[in-house]
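Below, chains carry the letters A, B, ... as their sequence lines are ordered, and counting in each starts from 1. Below, all heavy atoms of this structure are taken into account, side chains as well, without hydrogens, waters or symmetry copies.
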Amino acid sequence: MSTYYAPLAEMQFVMNHLAGLEQVAKLPGFEDATPDTVAAILDEAAKFATQVLDPLNASGDREGSKLLEGGVVKTPAGFKDAYLQYCDNGWNGLTKSPEYGGQGLPQLVATAVEEMWHASNLAFDLCPLLTQGAIEAIELRGSDALKKKFLPRMVAGTWTGTMNLTEPQAGSDLAAVRTRAIAQGDGTYKLHGQKIFITFGEHDYTDNIVHLVLARTPDAPDGVKGISLFVVPKFLVNDDGTPGARNDVHCVSLERKLGIHASPTAVLAYGDHGGATGYLVGEENRGLEYMFIMMNLARFSVGLEGVGISDRAYQRAVTYARDRVQGRAVGLEKNAATGAIIDHPDVRRMLMTMRAYTEATRAVAYVTAAALDNAANNPDASARAKAQAFADFMIPIVKGWSTEVAQEVAALGVQVHGGMGFIEETGAAQHLRDARITTIYEGTTGIQANDLIGRKTARDSGAVAKAVVAEIHKVAATLAARSEPSLQAIGVALAAATADLQAALDWMVPAYGQRTRAAHAVAVAYLKLWGLAAGGWQMGRAALVAADQQAAAGGGDPAFLHAKIATARFYADCLLPQASAYARTVLHGSESVLALDVEAF
Amino acid sequence: MTILVLAEHDNASLKSSTGHAIAAAARLGGDIHVLVAGHDAQGAAQAAAQFEGVAKVLLADAAHLAAPTADNAASTALSLLPGAYTHVVAAATGFGKSIIPRIAAKLDVAQVSEVTAIEAPDTFVRPIYAGNAFATVQSKDPIKVLTVRTTAFDSPKTGGSGAIETIEAAADSGLSRVTGAELTKSERPELTSARVVISGGRGLGSSENFKLLEALADKLQAAIGASRAAVDAGYVPNDYQVGQTGKIVAPDLYIAVGISGAIQHLAGMKDSKVIVAINKDPEAPIFQIADYGLVGDLFALVPEFTAELG
Amino acid sequence: MKILIPIKRVVDYNVKVRVKSDGSGVDTTNVKMSMNPFDEIAVEEAVRLKEKGVATEIVAVSCGVAACQETLRTALALGADRAILIETDVELQPLAVAKLLAALAAEEKPELMILGKQAIDDDANQTGQMLAALLDWPQAAFASKVDIAAGVATVKREVDGGTETVEMKLPAIVTTDLRLNEPRYATLPNIMKAKKKPLTTTTPAALNVDVAPRLTTLKVVEPPKRKGGGKVADVKELVAKLRTEAKVIT
Ligand SMILES: Cc1cc2nc3c(=O)[nH]c(=O)nc-3n(C[C@H](O)[C@H](O)[C@H](O)COP(=O)(O)OP(=O)(O)OC[C@H]3O[C@@H](n4cnc5c(N)ncnc54)[C@H](O)[C@@H]3O)c2cc1C
């Protein structure tokens, strides 16, 4: 049996020493995020994750959400209570504006807290996550009236939010959205159409649900420039703020899925009975543009889902590996061995891989979160712009790489369990199934890679990318110059990865303009190369901090610091070398990717 | 050296815990006096006098001691202290735990709780961190005030004939009074916090047969659990399940009845301090981790076990 | 009515403690520390009494090292109004804590003090009772229900084999048992507000209390490891061994 415990010491190490919590807490508006308060917040969140959310994860998976008569959705036992408690405890408003009842805390703090929710119960957290997206869209471009009507309740969580983008013919390509919105002349619109795959599109938590819907007005231009964004509540809202008449949006079915069973994935029908009343957000035809602004954070959060699931799978695997007795470990004296499989070198290899990937993806995500905070609140305009550019660059990497890594980590989690991993009872299989969605929604890995090579790399001729490469190079040089053999070794490996990165970047910028198909053919390899190198960068920094703390008297938990350096070294020796393989693919692989004609498949 | 033992009783008779406290006192060496503070408690006093090694029973009789409050019980004991005694001992039961600290505080001495072994008249072993460590402590105070774990000291033989002496009860403080008592016969402790857990597996064969475990559980004040196989077979509800996907328990004593010991079950109980396994299959994996394995037919052995506990 | 809630900072419930190799004690460096779980129940009970309008002020107090401030902040986040740290680096034993609390009670004059029945580190189960004796107050240890009306506390307390009801004149001491209540989680807004609530510090010297330890710990050892694979021949042998060897039944 494995219980989820938030890795508080590790989280705080990353926040304090890699992401720079102290600097973030000096930004105007974030003054409350002092280390002691943050520690208290993390402690309490960890308790909630361990005691309330984790115990519901397996039962929620087994039971799943169900569609009953009349479009009513029943979530698994315990979920509604947990959700109400989650809201009562104020977690929904962590980063939200105090104006609407939130706490206005930095994204960096929210990131650690969110990782705990993802790790302990991914399906549960999707509802707050989507609500967060909806809140942001309204906050960003909604009218004051819309804000007043919806935000306080959504921030409190008494109403939840959804994001309605996908339609049967419009998934990755949202330009194909067909849902129609017809102005009624009174400022409202009537919507008609069908949305699919809508997470928590219907549920039994709250007495209203606020849908954010992409749709087209009749005279809108074709393509991406003709999509508008609407608020469509399940129940229209009376002037006194209470839910009024039932709106014409109905759940017509729930999907049966590979994972996240507790999260209802709804097909929503709009306007089957005369039209669903909607309110325009911002201006007509600019919906997709708004959506992309908030998509940044949503994609970041999904990347964090990868981190959370990886950590959960790792914790479960370690527990099992300590317990399961099988075979005598090679090379250990008879009596020295525990007899448990954790003594087998190959099991160690798997656990170290899981651990190193988890720590690396976490560090990259948290550092990106700190950049988002600086982009939002740094008083210096140029610092703001620089942080924004860095965050924009990193987000497809956080989303694409952390979720792809989670597949490998969750699969290793099953492997460590042997046959029992394939049996649902141990819980290892659930992590693998749950992880699988993370590379798909909020833009598949392919879409992230397209974003990375295009808007994020080629558009500025690789300027931001080059600046990041230079940073990585600096850390590699610092490491290589140290006297400690471990740090030197990490430095050498990181320097090699930096060279690979540089070569891939040098190839990608011109290729994107001149050989578009070739560039796209190796885009995911390019993204994974970036992920690996960024992970190496942060693990290298972590090793430096840990070594310095070791040298200073009373500088921290010796066991933690030792493990940190050992894990960074493992990452450098055993994972980072894949960077050169990806670089080779980027430089030489595109031709063979595209070699066959469609007919040949 | 003279030791004062506080007797726990219901006036008519002595609680068995008192015997264990007297046994601990005997390990200290020295004269043993037993204080019976109650009302019409001659019965309890006589029982106390019969323990071997008890030199004297002090009987304090007062109406307000019939069901005494902690402060009244403590002040009668304190009226004998300090001076005559080197040690004050009570069993670490709800009774002893309520009163002994008051006595220690009034004497301005430290108390040693839940003693499991006596190394010297001033040196004691006691569990800390829920039994995950054992500390040996030495008291420098003139009077040693202890509560002792009943399971650590076997009751002495009876057949002695200590003298019974009547003493004055301390006056009622009037600060509090006991207004009622409810003896719940066998409210089962919670699975996760019980000191003793008895779990049944598929070997029990039916939900009817789980009743077998109840009689034993009553005797041991134990909680009842089950393996997943027994839950899946519908013998008991879900919340009985001990194991990977059920509850994690770590009681002082875990008794596995008709459970083979799948790894998922072991994960839920392997931290128990003492494990007993009863199973008819001598090859069952549960025996590998059991301290005391008993091979045989549970339908015969469990009732025999219950009977043997008296 | 003012309620004083003494709380202790202990090794977190979920931490599996390790005995130091030199046998001098339990290794508590770099382990997670939290509020003693029974004290959380005490705080919860006080907060409920305040919510019911019975209590007007809740003061949390902790005795020990400076880091106990974190634990006091937790109490403030859970609903205490202010906090007092009696700061000392001396290893405090229950008698010393009871004396410190008695001295503080003389200044603060609470009508009720609720303590956890025991701390999960030393498992002593003494402080509340000792405090009651020092103050000459009535006590109800191991409470499972507390009602306060007209200067009287009516407490249902857990005794072996059942419950007992005690009526006490205030001021009085209550110690909490597991079943008294289920503590709430601190809410995020309250964690933020706790920062701004008053927390003052005093010392044993200022309270004129000698806190020197009375018990000396000679050594600390791990419990014997279970080997497994042991067999007994019959029920008689089993019961005998459980009694005399394992000492888990009487
Ligand atoms: C459980 C679940 C929950 C969801 N929740 C929501 C929700 O709440 N709201 C919402 O609006 N949507 C939601 N979705 C929809 C989700 O965002 C889409 O499924 C996703 O964006 C992919 O779109 P698609 O399914 O149409 O796949 P397609 O777009 O058909 O993609 C199929 C394959 O083609 C590739 N591909 C497509 N276009 C390109 C391209 N330009 N370049 C390279 N490769 C390409 C993809 O990478 C993928 O491998 C959810 C989906 C699921 C399964």
Contacting region of [X] [heavy-atom separation from chain B under 4.5 Å]:
| X | value |
| --- | --- |
| C:Leu218 | both |
| C:Arg18 | neither |
| C:Lys117 | neither |
| C:Val26 | side chain |
| C:Val17 | side chain |
| C:Ala98 | neither |
| C:Val10 | neither |
| C:Val19 | side chain |

Give, as side chain, backbone, both or neither, the part of [X] having an atom under 4.5 angstrom from any heavy atom of chain C.
| X | value |
| --- | --- |
| B:Gln221 | neither |
| B:Lys273 | backbone |
| B:Lys270 | backbone |
| B:Arg149 | neither |
| B:Asp291 | both |
| B:Gln288 | backbone |
| B:Leu294 | both |
| B:Ile100 | neither |
| B:Ser155 | neither |
| B:Val125 | neither |

Atom [atom1] of [X] and atom [atom2] of [Y]: how far apart are they, to the nearest 0.5 Å?
| X | Y | atom1 | atom2 | answer |
| --- | --- | --- | --- | --- |
| C:Leu238 | B:Phe305 | CG | CZ | 4.5 Å |
| C:Ile120 | B:Ile128 | CD1 | CD1 | 12.0 Å |
| C:Gln129 | B:Arg102 | CD | CZ | 9.0 Å |
| B:Glu114 | C:Gln118 | CD | CD | 7.5 Å |
| B:Glu304 | C:Asp234 | CD | CG | 7.0 Å |

Salt bridge (charged side-chain N to carboxylate O under 4.0 Å, His left out), that's the test. Do C:Lys16 and B:Asp271 meet it? Break it down for me. CA-CA 11 Å; C:Lys16 225 179 159 174; B:Asp271 289 333; 3.7 Å; yes

Flag the one option from [options] with the top tally of heavy-atom pairs under 4.5 Å to chain C.
| options | result |
| --- | --- |
| B:Ser98, B:Gly296, B:Ala74 | B:Ser98 |
| B:Val295, B:Ile275, B:Leu301, B:Val112 | B:Ile275 |
| B:Gly94, B:Ser176, B:Ala105, B:Pro101 | B:Pro101 |
| B:Ser17, B:Ser139, B:Pro251, B:Gly310 | B:Ser139 |
| B:Ser173, B:Ser16, B:Ser272, B:Pro282 | B:Ser272 |
| B:Ala70, B:Gly180, B:Ala277 | B:Gly180 |

Measure from the side-chain N and O atoms of [X] to the backbone N and O of [Y], and report whether any donor-acceptor pair falls under 3.5 Å.
| X | Y | answer |
| --- | --- | --- |
| B:Glu308 | C:Val235 | no |
| B:Thr151 | C:Val248 | no |
| B:Lys106 | C:Ala133 | yes |

Could you go through the side chain to side chain contact (heavy atoms under 4.5 Å, CB included) check for C:Val220 and B:Phe134 one step at a time? CA-CA 5 Å; C:Val220 175; B:Phe134 281 81; over 6 Å; no

Less than 4.0 Å between a side-chain N and a carboxylate O, is that true for C:Lys99 and B:Asp108?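 Looking at C:Lys99 together with B:Asp108, the answer is yes, because their closest N to O distance falls below 4.0 Å.
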
[X], [atom1]: over 12 other non-hydrogen atoms inside 6.0 angstrom:
| X | atom1 | result |
| --- | --- | --- |
| C:Tyr13 | OH | no |
| B:Arg177 | CZ | no |
| C:Arg184 | CZ | yes |
| C:Asp22 | CG | yes |

Determine, step by step, whether C:Ile249 and B:Leu220 satisfy the side chain to side chain contact (heavy atoms under 4.5 Å, CB included) criterion, reporting the C-alpha distance in whole Å, the side-chain angles of both residues, the deciding distance to 0.1 Å, and the verdict. CA-CA 8 Å; C:Ile249 63 173; B:Leu220 293 169; 3.7 Å; yes

Could you go through C:Leu242 and B:Val276, starting from their C-alpha distance and side-chain angles, then the distance that decides it, and tell me whether this counts as side chain to side chain contact (heavy atoms under 4.5 Å, CB included)? CA-CA 9 Å; C:Leu242 289 177; B:Val276 169; 3.8 Å; yes

Taking side-chain hydrogen bond (donor to acceptor under 3.5 Å, both in side chains) as the definition, give me every residue that meets it alongside B:His20, ordered by chain and number, with sequence neighbours left out. none

Mind checking side-chain hydrogen bond (donor to acceptor under 3.5 Å, both in side chains) for B:Arg126 and listing every partner two or more places apart, or none if nothing turns up?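 B:Arg126 satisfies side-chain hydrogen bond (donor to acceptor under 3.5 Å, both in side chains) with no other residue.
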
What residue in [options] has the most heavy-atom pairs under 4.5 Å with chain B?
| options | answer |
| --- | --- |
| C:Thr250, C:Thr216, C:Val159 | C:Thr216 |
| C:Glu164, C:Met130, C:Arg157, C:Glu167 | C:Glu167 |
| C:Lys169, C:Lys236, C:Arg214 | C:Arg214 |
| C:Gly25, C:Ala141, C:Ala124, C:Ala233 | C:Ala124 |
| C:Gly229, C:Pro213, C:Ala119, C:Gly128 | C:Gly229 |
| C:Met168, C:Gln139, C:Glu158, C:Glu222 | C:Gln139 |

Looking only at side-chain N and O atoms, does B:Tyr292 offer a donor or acceptor that is under 3.5 Å from a partner on C:Glu245? yes

Check against salt bridge (charged side-chain N to carboxylate O under 4.0 Å, His left out), B:Asp252 and C:Lys247: CA-CA 10 Å; B:Asp252 290 347; C:Lys247 295 183 187 298; over 6 Å; no

Any side-chain heavy-atom pair of B:Asp154 and C:Thr244 under 4.5 Å: yes

Does C:Lys231 count as lying over the ring of B:Phe287, i.e. NZ or CZ under 6.0 Å from the six-ring centre, within 45 degrees of the axis?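 The answer is yes, since C:Lys231 meets both limits relative to B:Phe287.
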
